[in-house]
Amino acid sequence: MSTPDTTGSNDSADSARDASLSHLPHHIRRAIEITPAAGTGERIIDITTLGRRTGRARRIEIFFYRAAGTTYLCSGAGGAATDWHANLLADPHFTFHLKNGIRADLPARATPVTDPAERQAVLAEIVADLHQPHDPGTIRPTRLEDWADSRLMRVSFRSDERPVGPT
């Protein structure tokens, strides 16, 4: 299986997207493949990254989203600098901790989404999802233009990735 590149090319991203969850147990895969009907609380995870300055494992709470069959980490509206994003740029390996309902610690890899078309499509899907009547307006603002500068990382879950820090 190829590792996604950071150049914006979709070839390796497509192969990672197709197989990224296939090796996971069914109950864990279902917890990650949440639908638009999922509440905000179900989207909260922790990630453990290596601190870019300290090199020590750091656990950070964050939202994850599913769009176009792929898992993403997103900073939300505004596009302000975030520690998790800077840490993953320095070292893309991290541990994805499911913690609501199903609990699991999954080795993962983050790839920045730099292709403008992919960014637009993913952010549009995230914002549309936030407008669902089951959990209206929990995350604000919910206008696409407010999310244009969001930090956005594509997540791949591979059995050969190395976990980061204590689980």
Side-chain angles (χ1 to χ4, degrees), residues 1-49 60-77 79 82 84-89 91-102 104-132 134-135 138-139 142 144 147-164:
M1 180 181 334
S2 63
T3 301
D5 66 29
T6 59
T7 64
S9 164
N10 289 328
D11 294 338
S12 61
D14 287 342
S15 69
R17 182 178 303 131
D18 294 341
S20 180
L21 300 178
S22 63
H23 69 284
L24 297 174
H26 179 73
H27 69 289
I28 293 174
R29 189 171 54 246
R30 296 293 300 156
I32 295 170
E33 292 174 336
I34 61 176
T35 67
T40 305
E42 294 168 277
R43 299 172 192 278
I44 298 173
I45 60 162
D46 287 344
I47 62 171
T48 298
T49 67
I60 302 169
E61 188 173 74
I62 190 171
F63 286 98
F64 79 98
Y65 300 92
R66 289 285 292 176
T70 302
T71 305
Y72 293 90
L73 301 177
C74 183
S75 64
T82 60
W84 69 265
H85 187 260
N87 290 348
L88 291 176
L89 286 175
D91 183 353
H93 295 92
F94 70 102
T95 303
F96 185 101
H97 304 280
L98 284 171
K99 64 181 192 173
N100 295 308
I102 301 294
D105 299 325
L106 307 168
R109 181 177 177 86
T111 304
V113 179
T114 57
D115 176 60
E118 181 182 3
R119 286 183 55 78
Q120 174 74 18
V122 169
L123 293 172
E125 197 168 326
I126 289 171
V127 170
D129 185 30
L130 296 175
H131 283 286
Q132 296 297 317
H134 66 277
D135 201 13
T138 305
I139 301 173
T142 54
L144 182 56
W147 288 65
D149 294 326
S150 297
R151 307 289 191 236
L152 186 62
M153 293 271 195
R154 182 184 321 106
V155 177
S156 63
F157 302 94
R158 295 189 19 199
S159 57
D160 61 341
E161 295 292 353
R162 61 179 168 84
V164 174

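- Among residues two or more places apart in sequence or in another chain, the side chain to side chain donor-acceptor pair (under 3.5 Å) test is passed with Arg151 by none.
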Evaluate the side chain to side chain contact (heavy atoms under 4.5 Å, CB included) criterion for residues Ile28 and Phe157: first the C-alpha distance (whole Å), next the side-chain angles of each, then the deciding distance (0.1 Å), finally the verdict.
CA-CA 11 Å; Ile28 293 174; Phe157 302 94; over 6 Å; no
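- Here the rule is side-chain contact (heavy atoms from CB on, under 4.5 Å) with Leu21, and of Thr70, Leu106, Ile32 only Ile32 fits it.
- At least one donor-acceptor pair under 3.5 Å links the side chain of Arg119 to the backbone N or O of Ala148.
- Of the residues Thr48, Leu98, Thr95, Asp46, the one that meets the side-chain contact (heavy atoms from CB on, under 4.5 Å) test with Asp105 is Thr95.
- Tyr72 and Arg154 make their closest contact through CD2-CA, 3.7 Å (heavy atoms, listed as atom of the first residue, atom of the second, distance).
- Arg43 contributes no side-chain N or O that, together with a main-chain N or O of Arg66, makes up a donor-acceptor pair within less than 3.5 Å.
- For the residue pair Leu88 and Met153, the shortest heavy atom distance occurs at CB-CE, 3.7 Å.
- Going from atom CH2 of Trp84 over to atom CZ of Phe94 covers 9.0 Å, rounded to the nearest 0.5 Å.
- A donor-acceptor pair under 3.5 Å is formed between the side chain of Glu125 and the backbone N or O of Ala68.
- For the residue pair Leu152 and Cys74, the shortest heavy atom distance occurs at CD1-CB, 3.9 Å.
- Residues forming a side chain to side chain donor-acceptor pair (under 3.5 Å) with His26 (at least two apart in sequence, or on another chain): Arg29.
- Ser150 and Leu123 get closest at one heavy-atom pair: CB-CD2, 4.1 Å.
- Shown here are the salt bridge (charged side-chain N to carboxylate O under 4.0 Å, His left out) partners of Glu61, two or more places apart in sequence or in another chain: Lys99.
- Residues Thr111 and Ser156 have side chains not in contact (no heavy-atom distance under 4.5 Å, counting atoms from C-beta outward).
- A heavy-atom distance below 4.5 Å is not found between the side chains of Ile60 and Thr82.
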Step by step, work out the side chain to side chain contact (heavy atoms under 4.5 Å, CB included) result for Ile47 and Leu73.
CA-CA 10 Å; Ile47 62 171; Leu73 301 177; 4.2 Å; yes
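- Within the 3.5 Å criterion, the main-chain N or O of Ile44 finds a donor-acceptor partner in the side chain of Asn100.
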